[in-house]
Amino acid sequence: QVQLMESGGGSVQAGGSLKLSCAASGVRSRLCMVWFRQVPGKEREGVAAIDSDGSTTYLHSVKGRFTISQDNTKDILYLQMTSLKPEDTATYYCAADPLRCSDYDVLGPAGYRYFEVWGQGTLVTVSS
């Protein structure tokens, strides 16, 4: 059974950078892995996805500022966040599923429905 654990959240001023990590254990097959974020009262929002072949997709509002990557030898997923804005403040979650990201609208509305395995989340706070 796959388990995920995020780390790297924290507080930063606008314009700053943070790098989130998601350590996966129990991985038996290549997965679609996605970073989501959520603020209280809003639906969980897909931010960036990486497929098993390394192809990536991004939410429009983070394109050019965030980079998703993975170290397959260590089963670690990363999210490098730069030029952070106050509106990036949220709890960030990683999620995984044995599907092809490109076959589903994983970053679209309610994309979180495709995923059953989640980490516990890490809080990112960006102050102006």
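Heads up: numbering here begins at 1 and tracks the sequence.
Linking Ile, Leu, Val, Met, Phe, Trp and Tyr whenever their side-chain heavy atoms come within less than 4.5 Å puts W35 and V124 in one cluster. Under the 4.5 Å side-chain contact rule for hydrophobic residues, V62 and V106 do not share a cluster.
Within 6.0 Å of CD on Q13 lie no more than 12 heavy atoms contributed by other residues, nucleotides or ligands.
At distances below 3.5 Å, not a single donor-acceptor pair connects side-chain atoms of D51 with backbone N or O atoms of D53.
With values rounded to the nearest 0.5 angstrom, L4 atom CG is found 7.5 Å from S25 atom OG. Rounded to the nearest 0.5 angstrom, F66 CZ and L18 CG are separated by 9.0 Å. I76 CD1 to M33 CE: the interatomic distance, rounded to the nearest 0.5 Å, is 10.5 Å. Rounding to the nearest 0.5 Å places CD of Q70 at 10.5 Å from SG of C22. If you take CD1 on I50 and OG on S55, they are separated by 7.5 Å, rounding to the nearest 0.5 Å. A distance of 9.5 Å separates NZ in K19 from OG1 in T67, rounded to the nearest 0.5 Å.
Applying the side chain to side chain donor-acceptor pair (under 3.5 Å) test to pairs two or more places apart or on separate chains, those with a residue in residues 37-48 are R37-E45, R37-D88, R37-Y92, Q38-R44, E43-Y112.
Residues satisfying the side-chain hydrogen bond (donor to acceptor under 3.5 Å, both in side chains) test with D103, not counting sequence neighbours, are none.
Considering all non-hydrogen atoms of both residues, S128 and A14 come closest at CA-CB, 4.3 Å. Scanning both residues, E6 and T122, for their nearest heavy atoms gives CB-CG2, 3.9 Å. The minimum heavy-atom distance linking G121 with T91 is given by the pair CA-CG2, 3.9 Å. When all heavy atoms of C32 and V34 are compared, the pair lying nearest together is SG-CG2, 3.8 Å. The two atoms that bring A48 and Y58 nearest to each other are CB-CD2, 3.6 Å, heavy atoms only.
Note: W118 and Y93 have perpendicular aromatic rings, judged against thresholds of 30 and 60 degrees for the angle between ring planes. Using cut-offs of 30° and 60° for the angle between ring planes, the Y114 and Y104 rings count as tilted.
The side chain to side chain contact (heavy atoms under 4.5 Å, CB included) with P98 is formed by just one residue from the set L31, V2, V117; it is L31.
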Considering only distance and modelled atom types, tabulate donor-acceptor pairs under 3.5 Å from the side chains of residues 77-84, sequence neighbours left out.
unit_1 : atom_1 : unit_2 : atom_2 : d
T82    : OG1    : R65    : O      : 2.8

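Side chains of F36 and V47 form no contact here, defined as non-hydrogen atoms less than 4.5 Å apart.
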